[in-house]
Amino acid sequence: MSRLITLYHRPNTRSTRFIFLLEELEAPYEIRLVSTRTRDGGGAADPANPHPHGKVPAISDDGVVVIESAAIALYLTDKFPQNRIGPLAGEPGRGAYLSWLAYYAGEFEPAFVSKFMGWEVPRSTAGWAPVEEVMAGILARLTEAPYLTGERFSAADVLYATSFALFANSPILPKSRVIEDYVSRVVARPAFERAMARQTG
């Protein structure tokens, strides 16, 4: 019998997207609610959370701890390949899949944090680009295909579309019908609805 993946989770945070992914994968899992530090300075790291900074998400797979969204997505889609939510090594689309996962961590999130904080990205030294350049590349891809890796939905779309949904009413996200349609395609999936119903534990 498969052991449960434990997802360390706080509702209405980045960890909610991993309930969505676990539902897509039909993986056996349990949710462990934990406290975290909050943006206003309140809260506290939970000693039960294995993330070294007390953040979410984190997962544990029979004692194997994985942190950071891109790494968790890759780990889970490799471990539970039956629903084809991420191309495996040697399959078509694997390179694009790995690239979009890495781009999320290395370009997308830093770009949006910089924009939110009002920091100008120093192009000669920063390892990431400004939001406008990042979005131009994403828009070009989603104009060509319905999903980031092509015709098939993948865990990369879980990361990006849920982020776009989070920023939907924020001035830091340029308005785009392409992005709105993309988010609608992703959040219309039944697994997303199941995740929303489970996110409080």
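Everything numeric here is computed off the predicted structure, so don't read it as measured data.
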With salt bridge (charged side-chain N to carboxylate O under 4.0 Å, His left out) as the test, would you mind laying out the steps for Arg3 and Asp61 before giving the verdict?
CA-CA 8 Å; Arg3 293 182 180 271; Asp61 177 16; over 6 Å; no
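- A salt bridge does not link Glu180 to Lys175: none of the charged nitrogens lies less than 4.0 Å from a carboxylate oxygen.
- Considering CG of Asp157 and CZ of Phe20, their distance stands at 8.5 Å, rounded to 0.5 Å.
- Across all non-hydrogen atoms, the minimal contact from Phe112 to Ile172 is CE2-O, 3.6 Å.
- Nearest heavy-atom pair, Phe18 versus Pro57, reported as atom, atom and distance to 0.1 Å: CE1-CG, 3.6 Å.
- Sorted by first and then second residue, the pairs that involve residues 192-201 and meet side chain to side chain donor-acceptor pair (under 3.5 Å), not counting sequence neighbours, are Asn12-Gln199, Thr16-Gln199, Glu23-Arg194, Tyr29-Arg198.
- Every residue two or more places apart in sequence or in another chain was checked for a salt bridge (Lys or Arg N to Asp or Glu O under 4.0 Å) with Asp46, and none qualifies.
- In this structure, CD1 on Ile59 lies 10.0 Å from OH on Tyr8, to the nearest 0.5 angstrom.
- Residues Tyr104 and Ser69 share a closest heavy-atom pair of CE2-CB, 4.3 Å.
- Here CG of Leu7 is found 7.5 Å from CD1 of Ile72. Values are rounded to the nearest 0.5 Å.
- Minimum heavy-atom separation, Asn83 to Arg152: O-NH2, 3.8 Å.
- Interatomic distance, OG of Ser176 versus OH of Tyr182, reported as 12.0 Å (0.5 Å rounding).
- Although no hydrogens or angles enter the test, the distance criterion places a donor-acceptor pair under 3.5 Å between the side chain of Gln82 and the main chain of Leu25.
- Hydrophobic clustering (side-chain heavy atoms under 4.5 Å, transitive across Ile, Leu, Val, Met, Phe, Trp, Tyr) keeps Leu166 apart from Tyr160.
- A donor-acceptor pair under 3.5 Å links the side-chain atoms of Ser15 to the main chain of Arg10, judged by distance alone.
- The two residues Trp128 and Ala111 make their nearest non-hydrogen contact at CD1-N, 3.7 Å.
- The closest donor-acceptor contact from the side chain of Asn49 to the backbone of Ser35 lies at 3.5 Å or more, if one exists at all.
- Under a hydrophobic-cluster definition in which Ile, Leu, Val, Met, Phe, Trp and Tyr are linked whenever side-chain heavy atoms come within less than 4.5 Å, directly or via other members, Phe164 and Met196 are assigned to the same cluster.
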Under 3.5 Å, sequence neighbours excluded: what are the donor-acceptor pairs made by side chains of residues 134-144?
| from | atom 1 | to | atom 2 | distance (Å) |
| --- | --- | --- | --- | --- |
| Arg141 | NE | Leu148 | O | 2.8 |
| Arg141 | NH1 | Glu144 | OE1 | 3.1 |
| Arg141 | NH2 | Leu148 | O | 3.4 |
| Thr143 | OG1 | Leu139 | O | 2.7 |

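- Checked against the 6.0 Å centroid threshold, Tyr103 and Phe108 do not count as a close aromatic pair.
- For the atom pair CD1 of Ile179 and OG of Ser184, the computed distance is 11.0 Å after rounding to the nearest 0.5 Å.
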Using residues 89-98 as the side-chain source, report each donor-acceptor pair under 3.5 Å to any protein atom, sequence neighbours left out, with the distance given to one decimal.
| from | atom 1 | to | atom 2 | distance (Å) |
| --- | --- | --- | --- | --- |
| Glu91 | OE1 | Arg84 | NH2 | 2.9 |
| Glu91 | OE1 | Leu88 | N | 2.8 |
| Glu91 | OE2 | Arg84 | NH2 | 2.3 |
| Arg94 | NH1 | Asp78 | OD1 | 2.9 |
| Arg94 | NH1 | Pro87 | O | 2.7 |
| Arg94 | NH2 | Asp78 | OD2 | 3.3 |
| Tyr97 | OH | Thr77 | OG1 | 2.7 |

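- Two different hydrophobic clusters hold Val65 and Leu74 under the rule that ILVMFWY side chains link at heavy-atom gaps under 4.5 Å.
- Residues satisfying the salt bridge (Lys or Arg N to Asp or Glu O under 4.0 Å) test with Glu30, not counting sequence neighbours, are Arg32.
- Tracing side-chain contacts under 4.5 Å through hydrophobic residues (I, L, V, M, F, W, Y), one reaches Trp100 starting from Ile85; they form part of the same cluster.
- Remark: Glu109 pairs with Arg14 by the salt bridge (Lys or Arg N to Asp or Glu O under 4.0 Å) rule, at least two apart or across chains.
- Taken to the nearest 0.5 Å, the CG atom of Leu21 stands 8.0 Å off from the CG atom of Leu159.
- In the hydrophobic clustering of ILVMFWY residues, with side-chain heavy atoms under 4.5 Å counting as a link, Ile19 and Val183 come out together.
- Within a 6.0 Å radius of CD in Glu120, no more than 12 heavy atoms belonging to other residues, nucleotides or ligands are found.
- Shortest non-hydrogen contact noted between Leu33 and Pro11 is CD2-CD, 4.0 Å.
- The closest side-chain heavy-atom distance from Lys115 to Glu132 is below 4.5 Å.
- Remark: the backbone N or O of His53 is paired with a side-chain donor or acceptor of His51 at under 3.5 angstrom.
- A cation-pi arrangement, defined by a distance under 6.0 Å to the six-membered ring centre and an angle within 45 degrees of its axis, is absent between Arg185 and Phe153.
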